[in-house]
Protein chains: 2
Amino acid sequence: MGEIRNAERTRRKILDAAREEFFEKGYNGARIESIAKRAGLNKQLIYHYFKGKEHLINETIDDFAGSVSSGNFILPANPKHTAEFRFKVNVEHLMDFLKFTAWEAIDSIPENSNGEERRKLVLQSYVEDMRSKQDMGLVPKELDPSLITLMMSSLTIYPLLYENVTRMITGYKPEDPEFQEKWTDFLRLISERIFD
Amino acid sequence: MGEIRNAERTRRKILDAAREEFFEKGYNGARIESIAKRAGLNKQLIYHYFKGKEHLINETIDDFAGSVSSGNFILPANPKHTAEFRFKVNVEHLMDFLKFTAWEAIDSIPENSNGEERRKLVLQSYVEDMRSKQDMGLVPKELDPSLITLMMSSLTIYPLLYENVTRMITGYKPEDPEFQEKWTDFLRLISERIFD
DNA sequence: TTTTTAATTTAACCTTTGTAAAGTTATAAG
DNA sequence: CTTATAACTTTACAAAGGTTAAATTAAAAA
């Protein structure tokens, strides 16, 4: 049985499976065996296509970085809507990637200058955006654009990732649409207060 | 060489070493061998005093929970100072524990109802505190106290834990006192805006 | 068709790691 | 002083997991 041999497709399968696995379990927690199983392939094929675990995760990250269309990153004109916008993007497109960043924050993961570099550019574009809006008078002068951006990241990521905390505090699970709606509203409310 | 035999002291050494190890590497990443080494003890002693890895982490968490004096949790009277206060407490007393909560958020860690329960109580006391201040007219009525509390947690934890993100956005490392000062100031500024 | 190359599988290895079992030595009770 | 208990050490092992090597089979080239 099995399908016709096809290097391209197999490589793709491995990368997709690896993405799931690495994003879900981090580098150290990920298992080559498990990736193979997800991909429905023989474990050894992974070594045929990639040098090893470390090489695989680097390729995986690069591949992912390339796949995230930079179209998501057109921020709203009004800074009061930035937080809710970023929250929405996180919920709809970046959940699994965010989980990976959580691993990255605490687990020892081999460096990937490429992926790191791209993320840095995105984050700094957020800072620049905020700075330009500050110049336009839409953002209070006393607030540092980079710190505002860090605030936005905190508020739109932490509640999604720290399921326990969110539940202990609010009683909701982060995935609950009801929570997401409340949190969206809340972000808008405080944004209005902050940017007035 | 070696000191006089002493069960109490040995048990203590194990718990201390286990705390460091578990907080630093999470449950799955922690190594019994490494704990033994930290404690300067034979690996097998750990099995003499504890049933196994899972039992050990539970005892470790309970032990830690018992050791954190609840004295830290007297919140400032003015809600405008809550964020900076919590940030300060995190920096000065809870860094390693926070790191552990990061593991907990993404890694599969054996449940510890006891530790979980205590944390929940603390967090909910924060919510209650905010609610009472709202009743006193110090907090805008339209802001849900539990969401405010979640916001406080996000803002005082995320930047400390996500070293990469903090650095990519601000150029500072979270441990840098200069960053901590700026962030403290920032927290105060936005608190003033939010609670006015 | 023959040959060569590449995809895929089978088998095996070696290290790490959690844990068990048994042995040894100190301390305390009788 | 003898004996029992508990602290500590030594050995050993089985499972897990990353990696390599060799064998097989399909596809492409000649």
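We name chains A, B, ... by the order of the sequence lines, and we start the count at 1 in each one.
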Strand contacts (DNA chain C) in residues 42-55 of chain B, 4.0 angstrom heavy-atom criterion: B:K43, B:Q44, B:Y47, B:G52, B:K53
Residues in salt bridge (charged side-chain N to carboxylate O under 4.0 Å, His left out) contact with A:E8, at least two apart in sequence or another chain: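 In terms of salt bridge (charged side-chain N to carboxylate O under 4.0 Å, His left out), with neighbours along the sequence ignored, A:E8 is linked to no residue.
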Nucleotide C:dA6, atom P - distance to CZ of A:R9 in whole Å: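 For the pair A:R9 CZ and C:dA6 P, the rounded distance is 18 Å.
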Between C:dA28 (P) and B:N6 (CG): distance, integer Å: 10 Å
Distance-only criterion, 3.5 Å: show the donor-acceptor pairs between side-chain atoms of residues 40-49 of chain A and protein atoms not counting sequence neighbours.
unit_1	atom_1	unit_2	atom_2	d
A:N42	OD1	A:Q44	N	2.8

Which pairs of donor and acceptor atoms, one on a side chain in residues 130-139 of chain A, lie under 3.5 Å apart (sequence neighbours left out)?
unit_1	atom_1	unit_2	atom_2	d
A:R131	NE	A:E128	OE2	3.2
A:S132	OG	A:D129	O	2.9
A:K133	NZ	A:P76	O	2.5
A:K133	NZ	A:D129	OD1	3.1
A:K133	NZ	A:D129	OD2	2.8
A:Q134	NE2	A:P140	O	2.9
A:Q134	NE2	A:K141	O	3.4
A:Q134	NE2	A:L143	O	2.7

Taking NZ, NE, NH1 and NH2 as the nitrogens, is one of them in [X] or [Y] under 4.0 Å from a carboxylate oxygen of the other?
X      : Y      : value
A:R38  : A:D16  : no
B:D62  : B:R118 : no
A:R188 : A:D185 : yes

Contact list for DNA chain D against residues 16-31 of chain B - heavy-atom distance below 4.0 Å: none
Listed pairs, N/O of protein and of nucleotides 22-26 of chain C, under 3.5 Å:
unit_1	atom_1	unit_2	atom_2	d
C:dT25	O2	B:R5	NH1	2.8
C:dT25	O2	B:R5	NH2	3.0

B:T10 vs D:dA7: side-chain N/O to OP1/OP2 distance below 4.0 Å: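 No, because none of the side-chain N or O atoms of B:T10 sits under 4.0 Å from OP1 or OP2 of D:dA7.
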